[in-house]
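Below: one structure, written as structure tokens.
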Amino acid sequence: MNDHYDFIATEEKWQQHWAQAEEFVAQEDSSANKYYVLEMLPYPSGALHIGHVRNYSLGDSIARFKRMQGLNVLHPIGWDAFGLPAENAAIQRGIPPGQWTLENIATMKKQCQSMGWAYDWTREIATCSPEYYRWNQWLFVRMYQKGLVYQREGAVNWCDQCKTVLANEQVIDGCCWRDGSEVLEKELEQWYFRITEYADQLLEDLGQLEDWPDKVHRMQQNWIGKSVGCAVSFPLDEGEVKIDIFTTRLDTIYGATFLVLAPEHQLVKGWLDDSDEGRQMARFVEEMRRQGKEVRTAEDTEKQGIFTGRYATNPFDGRAIPIWIANFVLMSYGTGAIMAVPAHDQRDFEFARKYELPIQVVIQPEEGSLPPELEQAFTEHGVLANSDTFSGLSSREAQEKMVNFAQSQGFGEKSVTYRLRDWSVSRQRYWGTPIPMIHCPKCGVVPVPEKDLPVVLPKVESTRMGQSPLANLPEFVNVSCPECRGEAQRETDTMDTFVDSSWYFYRYTSAQYDSAPIRDESVRYWFPVDIYIGGVEHAILHLIYMRFFTKVMRDLGLISFDEPVRRLFTQGMVLKDGSAMSKSRGNVVSPDEVIQEYGADALRLFVLFAAPPDRDLDWSERGLEGCFRFLNRLWRILRQVQGENDPSASGSRELSQRGRALRRKTHQTIRKVTQDLERMHQNTAIAAIMELLNSVYEYSGHEEQHEVGLLKEVLEAIALLLSPFAPHFCAEMWEILGHSESITFTAWPTNDPEWAREEGISIVVQVNGKVRSRFSASPGISKEQMEALALEDEKAKGFIEGKTIRQVIVVPDKLVNIVVGKD
RNA sequence: GCCGGAGUGGUGGAAUUGGCAGACACACCAUCUUGAGGGGGUGGCGCUCGUGAGAGUGUGCGGGUUCGAAUCCCGCCUCCGGCACCA
């Protein structure tokens, strides 16, 4: 008899078995209910880290669980294979990015297999393959034709480390999301996706996402940043020109004592002439530009401005007010121009004080009135004053009436502004999807015809930093215009890799389909994704892009629903010694080494057991050992039971007292593990199985004559319940217990409510809310009986004696609380 | 500034609905097994007082609601996250 569990041989054995039997290959089957488990696809950086292990072990536990429950499970994986690290590695090591990427994929695929994750490898995708990115290009062209893609010159986020442009979502606290270096502002011509067109839908449809964490809802709401107000035009004194502003406080417009433009405002450019004022303004604008976005937008940055020498008219009262330029007005929000109401806006107030501009109170609080000399702006709603016919109205009423008035007079209307900006998608880098556009001197921008897709990324000798290598390949760049056949040039920018990951989960449903990005029936069958698991760091990157793409694909007629993911689960990070694992900190744990020493099952158990999945997890070698010991403990009892013969092997015999208790515990555990898996509490599910094993040991330690039939029954339940977490071990265990069919498709155990119910329950006796005693009773005991038994209880009596019983609270099957007076 | 989350033993964490606080595990202690190491078995383990039975106390702090609060309400403290000169 083999006393030691040989995890190395066992894990290899079952991994081979699973691969050969193709147990995880999913087939569409209209007679079966489907379940689509998705995890965020990894970037092939070189090796799996423990964060991946946690993410994919979580998903795997659900995939295996659902499969055993009889659902037709789709559990795919792929590689987010384009991106900058491949280029950097290529430069450092002198190997092509493609080679580096494919080698990494091979390594990491092996690691995935050695973890025993139940993936359908027939659907594997790599976004860097032409068969995949061809459809990026196809979608890009379709979006262009629908007016959802456009090219514009303007201020962009530039990362000088990465030598490329970044989308707003990729700038975190003014720094690059990838390398943390400071992001600069540059003027460049760029391709954009019109995500702002979908701002309202992206906000509205959050309502459909009931099973997404509130946190992600709020993050997306904040990011979209909808704000409702009005647009008002202020005519300039000179000429026909008007300045459009956006305000959420139209009720304060009689207090507007000046206008402020952003230094980058279009009008300002025309004013920077050779006059003294013009030159002064030019100097100021230049200075503000040099200040940089980070400094400019910091709240404590000193407000700086300059008078333009020009005036505009407040359309409500006809008064002329001066126009200023100042650093605190941003071109990237609203119209890049504001009406300044110093009495009722703190920023305007500070600015007015500094430059001695008038402060005009037009809102008084509901009760009392503001002092004549304000110390700070009064920013609350209130009652209007000094506002012509609107005086005396509440802010709310006034806003309604004033916008109607503005509308009737034609100088204003209701308006909505979003913080969300269009998604900048072109990148000045090599290792990405070529943008399928051609620049023709005659025809302008012409998309590559569908029949010519994919535009294959050509091989290059080197991808030296600071250059767009595609621009140096004449054979790539020079093409004939698809429309006029004249000489033309290809676009040399590539797409943001977030485009690749915005729709990959659709591709899994028909990964080899080659006449469209997706096959209709397959998407119909598998969608929506039932659960999507990944890190919360993607809450406003990938998770907003993916929702946007779904809506675009719907509007292109490819799919017919609004949201792709029913339930989102965001798992916590894996920390070591209190901080995130990173190469620079040198606290990285390698899954390979752990697998070598403890096996994949112990590792899987540990990452699922040590913390609730949605919280951060602290890596602990000791904790890992504990999980390893648990498996060995289970192995020993399994071997022991195998070696025993039941002297009275027959199911008809009555179980002993302890035997009944063990079977009861088993049914309770089945119930608990099932519930805990549904609610993503893998940690307590595993704890419950550990408890059950403890009960088995307790039973076998006490009972001289083991009911071997019962023990086998319990061990079978453990094998099934534990198999989503430790699949190799359980597959082996299942075989040892005499089953020839695979545990993968064995039905998930169900609990018998009769058995799951407690036989004798313990009733707590409280006196004044404090636990004083307990007695046992059978479930369903009447309230009267409970009360009587509690009052008879010897220990309780000691606390009641000599006191008046005021009240007795009885909670059926649980407790009796006797409330007594002081004496 | 706005919005949100968290705070429970020496440690990670349990406690689906207001009803036995500390499940499960780690660490530690005792003890058995072993030549030793390792491994394993059994028992103990919030804090204070007590030889003991037991008593008191206890879920960041201060109040409140309730027969009963880790859980609900109000006010604070600390840490973490999102947005932020956003008009």
Side-chain angles (χ1 to χ4, degrees), chain A residues 3-4 172 213-227 229 245-249 252 260 262 296-303 326-330 332-341 345-348 350-351 379 417-419 536-537 539-540 605-606 609-612 614-627 629-630 632-633 636 672 675-676 678-679 681 683-694 697-698 701 762-774 795 798 806-820:
Chain A
D3 275 324
H4 287 279
I172 316 286
D214 279 348
K215 182 184 179 145
V216 174
H217 277 225
R218 291 209 188 81
M219 284 168 79
Q220 295 210 353
Q221 278 161 9
N222 281 342
W223 186 257
I224 295 165
K226 180 177 183 174
S227 114
I245 63 104
F246 171 79
T247 179
T248 54
R249 292 297 303 275
T252 65
V260 190
R296 267 276 294 281
T297 56
E299 208 164 351
D300 48 9
T301 298
E302 165 114 21
K303 291 176 179 41
N327 58 347
F328 74 94
V329 176
L330 307 172
S332 57
Y333 186 78
T335 61
I338 62 156
M339 67 174 195
V341 185
D345 180 288
Q346 190 57 28
R347 292 155 300 170
D348 301 347
E350 283 163 27
F351 191 79
T379 57
T417 294
Y418 298 93
R419 219 193 60 93
V536 75
E537 65 274 14
I540 44 181
L605 273 178
F606 171 72
F609 172 70
D614 54 354
R615 278 212 242 164
D616 287 352
L617 175 147
D618 249 304
W619 180 259
S620 149
E621 191 86 18
R622 305 252 200 202
L624 174 66
E625 280 170 24
C627 291
R629 281 205 293 267
F630 163 69
N632 283 303
R633 194 164 138 86
R636 282 196 306 275
K672 170 127 181 92
Q675 284 169 351
D676 281 352
E678 290 294 353
R679 57 181 191 142
H681 283 212
N683 57 327
T684 50
I686 293 168
I689 301 171
M690 290 174 168
E691 270 188 73
L692 179 57
L693 180 62
N694 288 345
Y697 267 83
E698 203 180 329
S762 169
I763 307 283
V764 169
V765 182
Q766 295 183 334
V767 177
N768 285 350
K770 282 194 176 126
V771 180
R772 296 302 183 183
S773 179
R774 58 201 80 204
K795 280 191 204 150
R806 296 249 164 99
Q807 201 184 347
V808 179
I809 312 274
V810 180
V811 182
D813 287 355
K814 274 198 177 142
L815 66 80
V816 181
N817 187 11
I818 303 161
V819 186
V820 296

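The chains referred to below are lettered A, B, ... by the order of the sequence lines, with proteins before strands, and numbering in each begins at 1.
- Of the listed nucleotides (G19(B), G4(B), U57(B)), G19(B) has the atom at the smallest distance from the side chain of L815(A).
- Contact check, N683(A) against A14(B): a side-chain N or O comes under 4.0 Å of OP1 or OP2.
- Phosphate proximity of G41(B) to R636(A): present, with a side-chain N or O under 4.0 Å from OP1 or OP2.
- The partner of U57(B), taking Watson-Crick or G-U wobble pairs whose two distances both stay under 3.5 Å, is G46(B).
- Taking the syn range as angles within 90° of 0, the glycosidic angle of G18(B) is outside it, so the base is anti.
- As a whole-Å value, the separation of E621(A) CD from G12(B) C1' is 15 Å.
- Between R615(A) and the phosphate of C80(B), there is no side-chain N or O to OP1/OP2 separation shorter than 4.0 Å.
- Using the six-membered ring where Trp is involved, W619(A) and F606(A) have ring planes that are perpendicular, over 60° apart on the 30 and 60° scheme.
- In the set C20(B), A15(B), C24(B), C20(B) carries the atom at the smallest distance from any side-chain atom of V771(A).
- Under 4.0 angstrom from either OP1 or OP2 of C26(B) there lies at least one side-chain N or O belonging to R629(A).
- Comparing the C1' positions of A23(B) and G13(B) gives a spacing of 10 Å, expressed to the nearest Å.
- K770(A) has no side-chain polar atom (N or O) that falls below the 4.0 Å cut-off from OP1 or OP2 of A55(B).
- Distance, I224(A) CD1 to C3(B) P: 19 Å, rounded to whole Å.
- Counting only heavy atoms from C-beta outward, the side chains of V765(A) and K795(A) never approach each other to under 4.5 Å.
- Taking 4.0 angstrom as the limit, R218(A) places none of its side-chain polar atoms (N or O) nearer than this to OP1 or OP2 of G82(B).
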Protein N or O to nucleotides 84-87 of chain B N or O, pairs below 3.5 Å:
| residue | atom | partner | partner atom | Å |
| --- | --- | --- | --- | --- |
| A84(B) | OP1 | R419(A) | NH1 | 2.0 |
| C85(B) | OP2 | T297(A) | O | 3.1 |
| C85(B) | O3' | R347(A) | NH1 | 3.0 |
| C85(B) | O2' | F328(A) | O | 3.1 |
| C85(B) | O2 | K303(A) | NZ | 2.2 |
| C85(B) | N3 | K303(A) | NZ | 2.9 |
| C85(B) | N4 | T301(A) | O | 3.1 |
| C86(B) | OP1 | R347(A) | NE | 3.3 |
| C86(B) | OP1 | R347(A) | NH1 | 2.8 |
| C86(B) | O5' | R347(A) | NH1 | 3.2 |
| A87(B) | OP2 | Y333(A) | OH | 3.0 |
| A87(B) | O3' | F246(A) | O | 3.4 |
| A87(B) | O3' | T247(A) | OG1 | 3.2 |
| A87(B) | O3' | T248(A) | N | 2.6 |
| A87(B) | N6 | L330(A) | N | 3.4 |
| A87(B) | N6 | L330(A) | O | 2.6 |
| A87(B) | N6 | Y333(A) | O | 2.9 |
| A87(B) | N1 | L330(A) | N | 3.3 |

Distances under 3.5 Å between protein N/O atoms and the N/O atoms of nucleotides 66-70 of chain B, please, pair by pair.
| residue | atom | partner | partner atom | Å |
| --- | --- | --- | --- | --- |
| C67(B) | O2' | N817(A) | ND2 | 3.3 |
| C67(B) | O2 | N817(A) | ND2 | 2.5 |

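- Listed nucleotides G12(B), C3(B), A14(B) differ in distance to F609(A); the shortest reach to its side chain belongs to G12(B).
- Annotation: side chain of V764(A) is not in contact with side chain of K814(A) (no heavy-atom distance under 4.5 Å).
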